[in-house]
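First comes the structure, then the notes that go with it.
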Amino acid sequence: MRTSIIASALLCASSAICTDQQLPLGSSPLLSSQSDDDAPPYRSKLLSLHKSLVSIKSTSGLEQEVGEWLADYFFDKGWTSNIQFVPPRENTPEGHERLNIIAWPSDVDVPDPKVLLTSHIDTVPPHIPYSIEDGEVTKSTMISGRGSVDAKASIAAMVTALDELLDAGKVSADDVMLLFVVGEEVSGEGMRWFNDSLDGVDHPPHFDAVIFGEPTENKLACGHKGALFCHLEAQGEAGHSGYPWLAKSANELMVRAMSKVLSADLGSSERFGNTTVNLGVIEGGVAENVIPEHASAGIMVRVALGPQKSGGEVVRQRIQAILDEVDEEAFTFHCGQSYGFVETNCDVDGFETMVANYGTDVPHLQGGFTRYLYGPGTILVAHGPRENITVGDLETAVEGYQKLVLNALGN
Ligand SMILES: *[C@@H]1O[C@H](CO)[C@@H](O)[C@H](O)[C@H]1NC(C)=O
Ligand SMILES: *[C@@H]1O[C@H](CO)[C@@H](O)[C@H](O)[C@H]1NC(C)=O
Ligand SMILES: *[C@@H]1O[C@H](CO)[C@@H](O)[C@H](O)[C@H]1NC(C)=O
């Protein structure tokens with residue numbers, strides 16, 4: 001079932017999915033260890049929200065619990081929200097739902113916000129429990145756990161930033177909306193679902209700006225590399241390993257082709273550097289003494305060429321040409337998702353800028369809006385066992401998101 005964004009529903013009023021109650025804000029032990037190192041007034045609220053989100057396991061495909069928690073959270077805040085049910089993944093248990101959460105502070109049924117803030121509620125595996133350094137909480141206190149950076153830090157900071165702006169009367173409740181999607185870590189299913197749901201809606205919102213939350217070390221990204229996911233097969237001929245000239249080794253073809261692909265110039269640009277290839281999977285052959293008939297490989301290419309629409313295809317053709325050069329017949333080569341580099345607006349005063357080598361949901365949402373990519377924490381620890389963020393970085397992001405919203409609204 002695809003819930004349209006305009007079919008506004010006061011969540012949980014009657015919904016069976018809203019069973020879990022959130023921890024009341026301020027019930028966290030964090031509060032009792034508040035310090036005075038110029039802590040902003042929202043610190044305990046921010047850390048409590050971040051803690052609740054990180055504590056809930058939400059590996060891609062298993063996002064039901066965190067989605068329900070957020071739906072309850074916005075309901076309790078008195079915001080209007082809406083859920084979209086995104087189709088299950090292979091690992092989604094029978095009877096479980098995957099929820100995109102859309103929430104806005106006003107009580108209108110058909111919102112038309114100028115600014116959308118969005119991030120993702122899924123994480124990579126494995127789940128790592130939440131923990132916070134002992135002692136007094138200061139800006140340098142470290143918080144660890146899966147999603148503590150990517151991207152629950154962005155979610156907590158976005159929500160807090162909007163609360164601050166609304167409380168201060170700096171933005172109108174009609175102007176902003178939040179969207180938290182599933183499946184970003186696995187090809188962006190949640191955002192694609194949201195994107196497609198706007199088609200056919202009578203009054204789709206037409207955002208002036210969309211702010212995407214991903215770890216950029218609180219720098220404003222000017223864009224990120226494009227991507228190409230490909231699968232290759234090499235077909236040879238089996239034979240006795242003592243007589244290689246009577247057969248054709250699929251492994252040898254694959255190794256020669258991949259070696260050329262890895263060292264080739266597949267395209268570069270000043271802003272994004274070189275296109276790079278990760279030979280992520282390689283398999284082939286059946287035994288040491290048999291010339292392999294079959295080999296396969298999986299590659300992920302980080303594309304430094306634009307434009308977004310066709311830059312990936314240019315790189316695909318270059319790889320195809322290399323395969324043809326090695327052997328015109330042996331290879332089959334299929335690429336799925338493909339896009340060139342993605343540009344985002346980094347022309348805002350007061351931010352350091354950066355470019356990212358990773359993919360995001362930015363290319364999965366289409367429209368003529370200004371795009372920003374910004375968030376706390378570093379990608380360098382994001383998918384690893386040491387994922388952590390400091391309280392100070394979370395707080396800087398709250399300020400950063402406020403600035404971006406105001407900039408997007410022209411204030
Ligand atoms: C890009 O590749 C060229 C060789 O093709 C190399 O000389 C250069 O250092 C690379 N640039 C970066 C930023 O890695
Ligand atoms: C977004 O939705 C539009 C239809 O509204 C569709 O044409 C487009 O292909 C979608 N984009 C992506 C990246 O899925
Ligand atoms: C915490 O993250 C930083 C990067 O922000 C990293 O350098 C450090 O090793 C991590 N520490 C631990 C204890 O995980």
Side-chain angles (χ1 to χ4, degrees), residues 2 4-5 54 84 86-87 100 118 128-134 139-150 153 179 181 183-184 187-207 210 212 215-219 225-227 229 260-277 301-305 307-310 312 315 318 336-342 354-357 359-369 371 375-394 396-397:
R2 184 181 294 189
S4 108
I5 188 172
V54 177
Q84 292 186 317
V86 180
N100 279 350
T118 181
I128 302 172
Y130 176 94
S131 68
I132 183 164
E133 259 182 302
D134 286 342
K139 285 205 184 293
S140 57
T141 298
M142 201 172 78
I143 301 172
S144 307
R146 176 62 75 228
S148 58
V149 172
D150 189 5
L179 165 67
V181 298
E184 188 277 339
S187 80
E189 300 142 341
M191 185 59 86
R192 289 162 187 270
W193 195 261
F194 176 78
N195 173 71
D196 292 350
S197 74
L198 299 179
D199 195 25
V201 169
D202 285 343
H203 301 284
H206 36 271
F207 313 113
V210 179
F212 293 84
T216 64
E217 304 178 8
N218 287 326
K219 295 174 187 163
K225 277 183 170 170
F229 297 78
K260 284 196 170 191
V261 167
L262 288 168
S263 56
D265 176 0
L266 295 173
S268 58
S269 55
E270 200 175 321
R271 195 188 276 186
F272 296 94
N274 291 340
T275 296
T276 59
V277 176
V301 186
R302 301 293 181 173
V303 178
L305 296 181
Q308 186 181 318
K309 208 177 161 87
S310 56
V315 172
R318 290 184 186 176
Q337 213 188 121
S338 154
Y339 54 91
F341 64 58
V342 172
M354 57 93 79
V355 294
N357 288 350
T360 69
D361 267 336
V362 177
H364 303 139
L365 181 60
Q366 286 184 353
F369 43 78
R371 311 185 291 194
T378 170
I379 198 70
L380 300 179
V381 295
H383 289 190
R386 292 181 301 130
E387 182 166 357
N388 76 88
I389 192 160
T390 63
V391 169
D393 283 346
L394 273 173
T396 301

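No hydrogens, no waters, no symmetry mates; every other heavy atom, side chains included, goes into these values. Whatever order the structure lists them in is the order used to number ligands and atoms, beginning at 1.
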For Thr378, take its heavy atoms, then give the atoms of ligand 3 lying under 4.0 Å from any of them. 4 (C), 5 (O)
Is a donor on one side and an acceptor on the other found under 3.5 Å between the side chain of Arg318 and the backbone of Leu266? yes
Using non-hydrogen atoms of the residue, decide whether Leu198 is closer than 4.0 angstrom to ligand 2. no
Between ligand 2 and Asn195, is the shortest N or O to N or O distance under 3.5 Å? yes
Regarding Ser187 and Gln337, is there a side-chain donor-to-acceptor distance under 3.5 Å anywhere? no
Could you tell me, for ligand 1, which of its N or O atoms are under 3.5 Å from any protein N or O, listing the pairs and their distances rounded to 0.1 Å?
unit_1	atom_1	unit_2	atom_2	d
ligand 1	2 (O)	Asn274	ND2	2.3
ligand 1	11 (N)	Asn274	ND2	2.9

Using every non-hydrogen atom in the two residues, find where Gly190 and Asn100 come nearest and quote the distance to one decimal. O-ND2, 2.9 Å
Residue pair Glu387, Arg146: steps toward the side-chain contact (heavy atoms from CB on, under 4.5 Å) verdict: CA-CA 6 Å; Glu387 182 166 357; Arg146 176 62 75 228; 2.8 Å; yes
Given Val342, Val315, Thr276, the one that forms side chain to side chain contact (heavy atoms under 4.5 Å, CB included) with Val303: Val315
Quick check on contacts: which atoms of ligand 3 are under 4.0 angstrom from a heavy atom of Asn388? 1 (C), 2 (O), 3 (C), 8 (C), 10 (C), 11 (N), 12 (C), 14 (O)
Listed partners of Phe272 passing side chain to side chain contact (heavy atoms under 4.5 Å, CB included), at least two apart: Lys225, Ser269, Ala304, Phe341, Val355
Where ligand 2 meets Pro363 - atom numbers and elements under 4.0 angstrom, heavy-atom basis: 13 (C)
Heavy atom of Glu387, distance to ligand 3 below 4.0 Å: no
Measure up the Tyr339 and His364 rings against each other and bin them: parallel (under 30°), tilted (30 to 60°), perpendicular (over 60°). perpendicular
Would you say Gly188 touches ligand 2, if touching means a heavy atom closer than 4.0 Å? no
Do Asn274 and Ser268 have side chains that get closer than 4.5 Å, going by heavy atoms? yes
Within the 3.5 Å criterion, strictly below it, is a donor on Thr141 or Glu133 matched to an acceptor on the partner's side chain? no
